[in-house]
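Shown next, in structure tokens, is the structure this report addresses.
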Amino acid sequence: MKKTLIICEKPNAAGKIAAAIADGKPRRREFKSVPYYELEQDGKKIVVVPALGHLFTLKNVKPLRDYPVYDVRWVPAYEADRRAARSKPFVEAIAEMAKDADEFINACDYDIEGSTIGYNILRYLCGPDAPKRAKRMKFSTLTAKELRKAYENLLPTLDIGLVNSGLARHLLDWYWGINVSKAMSSAVEAAHKRFVKLSAGRVQTPTLKILFEREKEIRAFVPEPYWVIKAIFEVGGQRIEALHKKEKFFDKSEAEKVHEICRNKPARVAKITVREYRTAPPPPFDLGQLQSEAYRCFGYTPARTQQLAQSLYDNALISYPRTSSQKLPPEIGYAEILSRIGEIREYGELVEKLLGREELKPHEGKKTDPAHPAIHPTGESPKGLTGPRRRLYDLIVRRFLSTFADPAVKQSIRIDLDVAGQPFYFRGRRIMEKGWLEFYGPYGATEEVLLPEFKEGQELMPTELVFEEKETQPPPRYNPSSIIKEMEARNLGTKATRAIILQNIYDRNYITGNQIEVTELGEKTIEALLGYCPEIASEELTAHFEREMEKIQNGQSDKEKVLEDAKEKLNKILEKFRKHEVEIGKVLGEAYRKTRRAQKVLGECPKCHGELRIIVSRRTKKRFAGCSNYPKCNYSYPLPQRGKIVPLGKTCPECGAPMIQVNRMGSRPYRMCLNPDCVTKANWGNPRKNKPQ
DNA sequence: GCAAGGTC
């Protein structure tokens, strides 16, 4: 009997594809714990087998001693990296299934990476002529109907354009990233005779540059004083603040004049403007939006949210999280998911309201995804789910419910006042119809500002006229959520990699803090790159790649030619690097030393005004905060022994001791002061909270 | 050691 092998990108997709094309139920089997599916149809045997993303990766042919290197080949991922051990049984399973197969179908996601994943599997595991004979399944959602249709309308060959651009993408990223990273590390070695792990890449370096530019803006910012004038009223026991219409006075004498004119003068209500407006329900979550909301609502970093969402997905509670889609196709079965969610106590009432409607129609967003719908709950019971995963699940459920609800109707009121000819105003806001806000619950809370009744012409006497000096503020720092949004807007990285690449930039000590600051090392690194390899620091490289990829895709450009061009360009850049190796290395090595030292300084010693630093005891190997003037000063504080300690550069408002943040794997970072006897810790380890008696 | 991309 003939045998067809269908190669899928991941286990979950293999299950869905097998179920969709089988007339009956496919048989689920396992090979070295890799699940695969068997079915018989039209007199032939079909085997559906999953990959685990990329099973092959690029590896240096020779150990990397010097640059430039372009001698690189594809190897099974587990051979290049011990951490990829999980991919080994998948490689073995596919090789086994391919042995007696005479037809091959690449059914990975229909995008550049999916085409590359399938192509590598075909050429390395299915025989030398498999890529030429293989067919391609093309689908844009994993719904049974579409999968069935894709199977019945197979593309007769691989999408060789996508394959070639995928292969080129991997090689180009590797050429640029590995060589420039190596050049920087070698420079430090040449100047300081020590190894420092430095890196550059098509995504990480432009991202660092964005952060660095903001850093420069903040440093160059000169605050300007300005003055505000506010009239304060007490109406029916309510305090109302009206601001002078010219919100900022940059001319002090002008402000003083206005203040003088208005002093002790009554206000007259000049105009009341009432406006009603509707806010549409939010679209369902794509990964980026989920990361952004989880940061806003819970303070979770995008990397943490991604990890939590993956865990919810592993437990079948939510759909595939690495999606850029804001669409919910009807095939997911709105009513069924809703009614199952309705069985969860806290959502019962809300769900009833939605199910009682004539039509269920989600308010979708614009973004789409080649293989997955927006993130949504599956309806599976979240029994026993607690802590951060529960919170994230609640956010996802409420977002899903909100998307089916009505717009919210809000009313804004603006009251314009006249005080001795000077214009002042204040605003009120009320919610007329809650609409989706009711479903989004705590995450959509908008503060109402309810005002007493006013009439035009009415007179009021201010209880106070405030004259206040303020300063203009520098542009805000990026935080992990806003920089990821910026990366998305600039098309840097992908939904699945942005949070990881940001984490990498932190781990390299290029940046620090939640309000992201660029360290000395980050600054010198980006400056060196701007000086010697501006290409890699510019988003233009990504744009250039993209144009070339597109040309390769539609056959207008040859992959080999694009790669040769890249090598030539890189060789010139790296030569320049080499020539200035010692001077570049000196600067980077020095910056590295300073940055590492700064990370150990926690604050000022309260006893002698020396520096409190993280010190690891030689004797006990435990760490503590000790004074830099030791042995003259022996002041010290204990430190938590686990997790990364980040100095906050602030002191405790209660006791004045330096503040730190503790980042521990798998838990939310927390802030504390160093003083173990501080009143802020009075309730720590409160048995009432931990153990109900 | 070094990238960015996919997966769990």
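Here is the naming used below: chain letters follow the sequence lines, and residue numbers restart at 1 for every chain.
Rounded to a whole Å, the CD atom of A:Glu9 is 8 Å from the P atom of B:dG6. Residue A:Gln306 contributes atom CD, which lies 10 Å from atom P of B:dT7 at whole-angstrom precision. Here the P atom of nucleotide B:dT7 and the CZ atom of A:Phe56 are 17 Å apart, to the nearest Å. Spacing between atom CG of A:Asp111 and atom P of B:dA4 amounts to 19 Å, rounded to whole angstrom units. As a whole-Å value, the separation of A:Ile121 CD1 from B:dG5 C1' is 14 Å. Distance A:Asn12 CG to B:dG6 P: 17 Å, rounded to the nearest Å. Atoms CG (A:Leu502) and P (B:dA4) sit 12 Å apart, rounded to a whole Å. Between the CE atom of A:Met487 and the C1' atom of B:dG5 there is a distance of 13 Å, rounded to whole Å.
For A:Glu113, whose side chain is taken as the heavy atoms from C-beta onward, the closest listed nucleotide among B:dC8, B:dG5, B:dA3 is B:dG5. Between B:dA4, B:dC8, B:dT7, one nucleotide has an atom nearer to the side chain of A:Asp314 than all others, and that is B:dC8.
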For residues 118-128 of chain A, dump all side-chain donor-acceptor pairs below 3.5 Å to protein atoms at least two apart in sequence or in another chain.
{"unit_1": "A:Asn120", "atom_1": "OD1", "unit_2": "A:Arg123", "atom_2": "NE", "d": "3.0"}
{"unit_1": "A:Asn120", "atom_1": "OD1", "unit_2": "A:Arg123", "atom_2": "NH2", "d": "2.8"}

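For A:Ala499, the side chain to side chain contact (heavy atoms under 4.5 Å, CB included) partners at least two apart in sequence or on another chain are A:Gln291, A:Pro302, A:Ala303, A:Gln306, A:Ile484. For A:Glu92, the side chain to side chain contact (heavy atoms under 4.5 Å, CB included) partners at least two apart in sequence or on another chain are A:Phe31, A:Lys32, A:Lys88. Residues satisfying the ring-ring contact (aromatic ring centres under 6.0 Å, His included) test with A:His544, not counting sequence neighbours, are none.
Legend: salt bridge (charged side-chain N to carboxylate O under 4.0 Å, His left out) pairs involving residues 61-78 of chain A, not counting sequence neighbours, sorted by first then second residue: A:Asp66-A:Arg578.
OP1 or OP2 of B:dA4 has not a single side-chain nitrogen or oxygen of A:Thr497 nearer than 4.0 Å. Close to B:dT7, at under 4.0 Å from its OP1 or OP2, lies a side-chain N or O of A:Arg322. Contact annotation: A:Arg86 side-chain N/O to B:dG6 OP1/OP2 distance is not under 4.0 Å. Considering only side-chain N and O atoms, A:Gln310 lies nowhere under 4.0 angstrom from the phosphate OP1 or OP2 of B:dT7. In terms of phosphate contacts, A:Thr116 brings no side-chain nitrogen or oxygen within less than 4.0 Å of OP1 or OP2 of B:dG6.
No more than 12 heavy atoms of other residues, nucleotides or ligands sit less than 6.0 Å from atom NZ of A:Lys135.
Heavy-atom distances to DNA chain B give each of A:Asn60 and A:Gly53 a nearest nucleotide, and the one nearer the 5′ end belongs to A:Asn60. Toward the 5' end of DNA chain B, the nearer of the two residues A:Leu58 and A:Tyr313, judged by each one's closest nucleotide, is A:Leu58.
For the 3.5 Å distance criterion, the side chains of A:Asn179 and A:Tyr70 fail to qualify, holding no donor opposite an acceptor.
Within residues 167-193 of chain A, the residues approached by DNA chain B to less than 4.0 Å at the level of any non-hydrogen atom are A:Arg169, A:His170, A:Asp173, A:Trp174, A:Gly177, A:Ile178, A:Ser181, in residue-number order.
Within the nucleic acid shown, A:Ala200 comes within 4.0 Å of sugar-phosphate atoms alone, with no base atom in reach, counting heavy atoms only. Using a 4.0 Å heavy-atom distance criterion, A:Tyr320 is classed as a sugar-phosphate-only contact. Using a 4.0 Å heavy-atom criterion, one finds that A:Ile501 contacts the sugar-phosphate atoms exclusively. No contact: A:Gly166 has no heavy atom under 4.0 Å from any strand. Within 4.0 Å (heavy atoms only), A:Arg508 reaches sugar-phosphate atoms of the nucleic acid but no base atom.
With rounding to the nearest 0.5 angstrom, the OG1 atom of A:Thr116 is 7.5 Å from the CZ atom of A:Arg169.
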